[in-house]
Structure formats: C-alpha cells, structure tokens
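FYI, the numbering just counts along the sequence from 1.
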Amino acid sequence: MNEYIKDISFDDIFNLYYPRCILFATKLLGNRWDAEEAVQELFINLWAKGKLDTINGSVKSYLFKSVFNICIDVQRKNKVKQKNETDAPEANDAAIPFNNPLLEEELEKHISDAINQLPEKRRQIFLMSRDEGLSYRQIAEKLALSEKTVETQISRSLKQLKASLSEYLPGILF
C-alpha cells in the first residue's frame, strides 16, 4: 500500500470521497442517476478487486480521474443508445390492421404465451414497461434495481419474444 493511504481504510475513503465523486459525476453527466451508477461502479471495483493497494499517488486524484473516465464511457454508451433509438423505425398499433378477429385472437394468445415463457422477474419488468407504461427509472425504483438492469432485462425480453414469435414477425413490430 502506498504512503498516502497506508493508515486509511476503504470505509474512510468511501465516506470521504463518495459524495464528492457523486457531485463531480453529476456535473459531468448532468444526471444524478447515471452519476450514482458510475461512482458505485468505481467503488465496487476498488473494493472487490482490491485495487486500493495499487494506487500510486493521491487517492483523490485517482478517484476523480477514474470517475471522469467512467463518465466518458457512460456518455459514449448513451450516444450510441440514442443513435440506435433514433435510427429504429417507430411502430404504432395502427400499423397492423386486423380484419379477422379470429387471427387477432390467435395472435394475442401466441403473444401472451410467449410473454408467459419469460423468466418471472424479466416478465414482471417487461409487463411493468408495456402494460403499466412505466419508465425504466420508475421500474428500477419500484423493484430496487438499477436502471441499466431494467434496460437489459427489457432488451432480453424483446429478443426472446422476437425469437418465440418469429413466424408471425412481418406482422408484429416491437
């Protein structure tokens, strides 16, 4: 352990720098939610991987440089995500005209069956998004999950549903 931190514990470092790192990340990202995730990722890695012993120099400099780098990564990922969302064609319910109530009923049954095949927690998250119209953030808060976890679970749900319903796909857009 280097000379700067030999007499200080992880808890002391966390208590001293966590709030400061959150403020710094919030300024960089403009979003408290993403800032908390970024800083939590940093401290989890420090603790889990025992990186505290490998810091050379100032702990403060190391932490703030790490937060800065993580925030840059978050911004890159958000730009890619936004680009993908704007490039994806918007689907609306009016795009699928059903003239046959029997076909509509059969399709609804297949969709319901496919949703019921999702793992329980994934199904719950998916239905909260689609049926209740909750945002990723609202779902995350209700289920005490990270927003990123909710996003991942919905993405996996859609992937699984597309695979399950592939024979109906020209008529179904997610």
Side-chain angles (χ1 to χ4, degrees), residues 14 18-19 21-49 66-67 69-174:
F14 180 85
Y18 182 80
C21 288
I22 293 289
L23 288 173
F24 181 60
T26 301
K27 287 179 183 176
L28 292 172
L29 296 172
N31 174 333
R32 173 92 182 189
W33 187 267
D34 286 341
E36 286 181 2
E37 283 207 15
V39 174
Q40 287 172 4
E41 178 184 332
L42 169 63
F43 278 96
I44 287 170
N45 284 335
L46 274 177
W47 181 76
K49 296 179 180 175
S66 296
V67 169
N69 290 335
I70 291 170
C71 289
I72 296 298
D73 288 343
V74 168
Q75 289 173 332
R76 281 188 198 128
K77 289 175 187 174
N78 285 344
K79 281 183 182 179
V80 169
K81 181 179 162 188
Q82 287 173 350
K83 183 183 182 323
N84 290 341
E85 287 174 356
T86 57
D87 289 349
E90 291 293 323
N92 63 35
D93 294 337
I96 308 171
F98 283 104
N99 297 328
N100 186 332
L102 291 175
L103 287 177
E104 183 176 351
E105 188 177 307
E106 182 181 342
L107 181 58
E108 285 178 7
K109 181 181 178 341
H110 287 293
I111 292 171
S112 179
D113 290 346
I115 290 171
N116 287 331
Q117 290 175 3
L118 294 171
E120 183 179 338
K121 196 68 161 179
R122 190 176 297 165
R123 180 176 54 244
Q124 179 186 16
I125 292 169
F126 181 78
L127 292 174
M128 289 174 82
S129 170
R130 295 307 191 260
D131 290 351
E132 298 176 34
L134 298 178
S135 69
Y136 290 177
R137 177 172 288 168
Q138 291 169 324
I139 295 168
E141 289 172 357
K142 281 190 172 197
L143 299 178
L145 300 170
S146 74
E147 194 171 342
K148 188 62 87 180
T149 299
V150 171
E151 179 183 340
T152 300
Q153 291 302 312
I154 288 178
S155 175
R156 289 178 181 168
S157 296
L158 291 172
K159 187 182 242 183
Q160 185 175 340
L161 290 172
K162 285 177 185 179
S164 296
L165 298 167
S166 62
E167 65 186 273
Y168 303 101
L169 267 179
I172 300 176
L173 300 174
F174 290 95

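- You'll find the side chain of Tyr18 reaches within 4.5 Å of the side chain of Gln40, heavy atoms only.
- When side chains are defined from C-beta on, Gln160 counts as touching Pro119, because their heavy atoms get closer than 4.5 Å.
- Counting only residues at least two apart or on different chains, the salt bridge (Lys or Arg N to Asp or Glu O under 4.0 Å) pairs with a member in residues 111-120 are Lys109-Asp113.
- Side chains of Ile125 and Ile154 form a contact here, defined as non-hydrogen atoms less than 4.5 Å apart.
- With sequence neighbours excluded, the residues satisfying side-chain hydrogen bond (donor to acceptor under 3.5 Å, both in side chains) with Thr149 are Ser146.
- The nearest pair of heavy atoms linking Ala25 to Val67 is CB-CG1, 3.7 Å.
- Residues Leu143 and Gln124 form a side-chain contact, since some pair of their non-hydrogen atoms from C-beta on lies under 4.5 Å apart.
- Two residues are said to be in side-chain contact when any heavy atoms from C-beta on lie closer than 4.5 Å; Leu29 and Gln75 meet this criterion.
- In this structure Phe24 satisfies the ring pair (Phe, Tyr, Trp, His ring centres under 6.0 Å) test together with Phe64, sequence neighbours excluded.
- Note that OH of Tyr136 and CG of Leu145 are 13.5 Å apart. Values are rounded to the nearest 0.5 Å.
- Atom NZ in Lys142 sits 15.5 Å away from atom CZ in Arg137 (nearest 0.5 Å).
- In this structure, the separation between OG on Ser66 and CG on Leu46 is 7.0 Å, given to the nearest 0.5 Å.
- Sorted by first then second residue, the salt bridge (Lys or Arg N to Asp or Glu O under 4.0 Å) pairs that include residues 25-36, not counting sequence neighbours, are Arg32-Glu36.
- Residue Arg130 holds its CZ atom at 9.0 Å from CG of Leu161, rounded to the nearest 0.5 Å.
- In this structure the side chain of Lys159 never reaches within 4.5 angstrom of the side chain of Arg156, judged on heavy atoms.
- A distance-only check finds a donor-acceptor pair linking the side chain of Arg123 to the backbone of Asn116 [under 3.5 Å].
- Within the model, atoms CD of Gln153 and CE of Met128 stand 13.0 Å from one another, a figure rounded to the nearest 0.5 Å.
- Listed by chain and residue number, nothing satisfies the side-chain hydrogen bond (donor to acceptor under 3.5 Å, both in side chains) test with Asn69 (two or more places apart in sequence, or in another chain).
- One finds the CG atom of Leu28 at 11.0 Å from the CG atom of Leu23 (value rounded to the nearest 0.5 Å).
- For Glu151, the side-chain hydrogen bond (donor to acceptor under 3.5 Å, both in side chains) partners are Lys81, not counting sequence neighbours.
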